[in-house]
Every structure is written in C-alpha cells, then in structure tokens.
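Naming convention: chains lettered A, B, ... in sequence-line order (proteins, then strands); numbering from 1 in each chain.
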Protein chains: 2
Amino acid sequence: MQKLPGKTVERLSEYRRTLINCLSEGKSFIYSHELAHMHHKTAVQVRRDIMLMGFSGLQRKGYDVKEMIDAISEILDSPEGQNVAIIGIGHLGTAILHYFKGKRAKLNIQALFDTDPQKIDRIIDGIPCYHPEKLDDIVHKYRINIGILTVPPEKAKELKDQLIQAGIRGILNFTTVPLKVPDHVYLEEYDMITSIEKVAYFSGK
Amino acid sequence: MQKLPGKTVERLSEYRRTLINCLSEGKSFIYSHELAHMHHKTAVQVRRDIMLMGFSGLQRKGYDVKEMIDAISEILDSPEGQNVAIIGIGHLGTAILHYFKGKRAKLNIQALFDTDPQKIDRIIDGIPCYHPEKLDDIVHKYRINIGILTVPPEKAKELKDQLIQAGIRGILNFTTVPLKVPDHVYLEEYDMITSIEKVAYFSGK
DNA sequence: TGATGATTGTGTAAAAATTAACAATATACC
DNA sequence: GGTATATTGTTAATTTTTACACAATCATCA
C-alpha cells in the first residue's frame, strides 16, 4: 500500500494508544467526535485519517475499538517486527528505554550502546549494553534497523555515520545537532529546546 | 507584533542554535542556502522565515550571524525572562534539566517537583526540588509561568490541573496522555512513542 | 569604473493539510 | 413498520505551508 502522510501516521499512533486505554476500560465502540475530543482534533480529521487507512465504522454506532486497533496495527507494525537500538544510555536514553519496554510487541529494543565502563557489557533493564565499537557487529547480528540517537551533540555525527555504515534504515535523532542522511535512510529529528522555546513564545503576551 | 506561525517559530529556534555554533567557530556571515542545507530546508524557506521576523541580510554577503542571533532572540525571548518548572524528576525530567541548564539566559528553571522523598527539599543540579503539594506556593513565589510535565501518565491530569490552578501560562506535556487546557493556556505535546512508530513506519518497506 | 554574477526579498503559484458541507444510512423510538 | 436523527464517508472548498520565479542589488574583479 501507498505510504500515508506523515501527519496521519502520527495521529494513528496517538489514536491507537487512546483506543488501547478505551478497550481496557471496557469501551467497545467509539465515535469520531469522541476520539477527536481526546486529541484536540476535529471529528472530520479523525474520520479522514480512518478513511485514509482504509478502515470503516458503523453508522450511528461509531468504530469498533478492537477492530480499529487491529487496523492501525496492520498499518503501523511491520509483520515481522523491527529491531531497535538506543545509542547513548544517559538520562534520555534510559527514559526512552523505560517508556518503551514491553509496550509494542513489534518493536523490540535489542541493544544499547554507551561508552560508560559501568554500563558496557552489562544488562540494563533487561537489554544488553555494548561499547559503540561493536555497533556494526551487533546491528548485523540482531538485524537492527532502527537507531535512536541520544548521545552528546559532539558525538552525534560520528555515531550517525556508524549506524548508516552498519546498514540501519531509520534514525530518530534526539541530539541538538541536525544530521544529514542518505535518501535510503529515514530520519526523524526532535529537539526539546525548540519545544520549550515554542511554549515560551506562545505563552508570552 | 503579530505572532509568527508555529512552524516558523520552531525553525527560528533551530536556526539560532546553529548560528550560535557558527559564531563560536568564527563564522560571521552566512548565506540562506548554507543555513538551509544544515537544516534540511530550502533556501527560500530560510529567507522567508527571516523575512517574516523582519530581519534582513546583505545581498551577496548573506546574513550577519551575530545580528541574526540577536534578531531571533528579540522575537523568541521575552525581555523580562520566563520562569520554568519541571514536574517529575525521573530520567526524562533530569535529561531536560541537563540539556537546558544555563543554555538560555531568558528561560530560568526555577523549581523541580517530585514525590520521591530522596529528592524533596534537596537541590538537584542547582535547582531546588519540592513536593507537588507546594506547587501553588512555589509557582506564585517564583512567578513561574511555564511547566514541563514529565510525570507518569496516571498523574498527568491531576498535575496539569494544579499547574493551571496556580496560574501557569504554558505547558509542555511529555506524558503519553493528551491533556485538555483552557484557551488562555498554551499547550504543546510531544510523544516519543509516536516518533518511534513513525520512524518504524517510514523506514519499513 | 563598468560589467558580471551571486544573493536577497517577495509576489505568485503550487502543494499539502485542514475544514466545511452534505448525501447515505443505520439505529432508535414511536 | 415508518419516521426522525445521529453518525459515517467523501467530495469540494478553504486555509496553511512550501516552492518557484525573478527583479533588485551589491560585492568582486577585470
């Protein structure tokens, strides 16, 4: 299937989380306007997103929560699963590890990398941590295709290059340095400072 | 001045960081296409952003780096500065604290909040940490107007309400729960899981 | 000093994203 | 069983964002 717009993908991911909560609360049907309200979106947008992914609801009853979770998972999760590495196990890397662990069956954090001797060759929260010099080996061995970069800015470029060299397909860059990647690698960047500055700007007079 | 588009504000924040690096490397002028290239943007977009904020460069010489930093700061930084609190000093809260500390003269992290007895009434990285029951007092005392929420999802709503009750103007929500806020409060939400799922989606076949 | 060429600034066009509008339809109620 | 009504699905309109195109301008160098 044709790739969906990035914005729609983001929203589907968000909807899914909410839907999982709904299900656990025993709610089995949901209206577009309910879901919209929970996400500061409009009902039309929710319906359009759902339409774009090829799912449908029942008129006057809304959407079957369980079916919709499955439909979103069908889109977002690759069937064979994907393996993830976190590069840089400082506070941010650790936060991501905790947030994520066990939440998504199809996204497995397989390896951590850090230069801290206290961490190298230890198991951290169930996941082994290695020295970055082993990056190439481990990426191949565990078929890792996604790297999450949470290293200090001065190391970002070097490790990005190593990840690409090792054949990674996607990078999520949390460092403050914008990175360049070749076309066959998907790059997503997020910058906390920017978010904070944006809040500061819009919450000021 | 009229508020700029959110996207432009984000880019200005990013440009500023790059420009500060340029300056520290002794680069005193920069072309729109150079800045664009560093940020995966087009030169036109950079020029338009600069135009929107009312700054100008010199034809054939580009933009004066120092002047442009000042121009962006004029836009993004409120002159009297803004005071920030981080609510939840787990790994993520700590990461933000470290990332941010001392980086922006006009955004002062004034207080931390956490329920961990090990942290309450201690100074963490130079900033005092309090029990959330003191939130209202401290927000007023230090004139805090921005709150960064990095608490477990089940506590998000309650602490959001307390922040708003205390008169906060902007919230940056890093929890996985979408929040509702009244119109006079600016809300920015970021969800790591969504970013990772987006990378997984677009880096898959 | 005059021609050249690179770069900015910006009106206009294009593309992308969002919203409005409304037909189709299934449910609930009488 | 018939009617009213709430909700979906989708086309069309609108708005927002980005890119194109090019005139204006100023350093540079012959």
Item to check | Electrostatic pair Glu80(B):Lys106(B) at N-O distance under 4.0 angstrom | outcome: no
Checklist entry - Rounding to a whole Å, what distance do you find between Met51(A):CE and dT10(D):P? => result 6 Å
Checklist outcome for this item: Here the distance between atom C1' of dG9(C) and atom NZ of Lys61(B), to the nearest Å, is 18 Å
Checklist entry - To the nearest Å, how far apart are His33(B) NE2 and dT7(C) C1'? => result 8 Å
Checklist entry - Under the 3.5 Å rule, do the base of dT19(C) and the side chain of Arg47(A) count as making a donor-acceptor pair? => result no
Checklist entry - Base, sugar-phosphate, or nothing: which does Leu58(B) touch, judged by heavy atoms less than 4.0 Å apart? => result sugar-phosphate
Checklist entry - Any donor-acceptor pair under 3.5 Å between the side chain of Gln45(B) and the base of dA19(D)? => result no
Checklist outcome for this item: Comparing nearest nucleotides in DNA chain C, the 5'-proximal residue of the pair Gly6(A), Ala43(B) is Ala43(B)
Item to check | Atom pair distance, as rounded to whole Å: CZ in Arg48(A) and C1' in dT7(D) | outcome: 17 Å
Next on the checklist: What is the distance, to the nearest angstrom, from the OH atom on Tyr63(B) to the P atom on dT7(C)?
Outcome noted: 12 Å
Item to check | Arg60(A) (side chain) and dT5(D) (base): donor-acceptor pair under 3.5 Å | outcome: yes
Checklist entry - Tyr130(A) vs Phe113(A) aromatic rings, parallel, tilted or perpendicular, using cut-offs 30° and 60°? => result tilted
Next on the checklist: Counting distance alone, no hydrogens or angles: does the base of dA24(C) have a donor or acceptor under 3.5 Å from a partner atom on the side chain of Gln59(A)?
Outcome noted: yes
Checklist entry - Between atom CG in Leu35(A) and atom P in dG9(D), what is the gap in whole Å? => result 13 Å
Checklist outcome for this item: From CD of Glu34(A) across to C1' of dT8(D) the rounded distance in Å is 14 Å
Item to check | Selection from dA12(D), dT17(D), dG9(C) that lies nearest to any side-chain heavy atom of Ser56(B) | outcome: dG9(C)
Next on the checklist: If I take atom CE in residue Met53(B) and atom P in nucleotide dT8(C), what distance separates them, rounded to the nearest angstrom?
Outcome noted: 13 Å
Item to check | Centroid-centroid under 6.0 Å between Tyr63(B) and Phe29(B) rings | outcome: no
Next on the checklist: Considering only residues two or more places apart or on different chains, which pairs with a residue in residues 72-95 of chain A satisfy ring-ring contact (aromatic ring centres under 6.0 Å, His included)?
Outcome noted: His91(A)-His91(B), His91(A)-His98(B)
Checklist entry - With Thr115(A), which residues qualify under side chain to side chain contact (heavy atoms under 4.5 Å, CB included), at least two apart? => result His131(A), Pro132(A), Lys155(A)
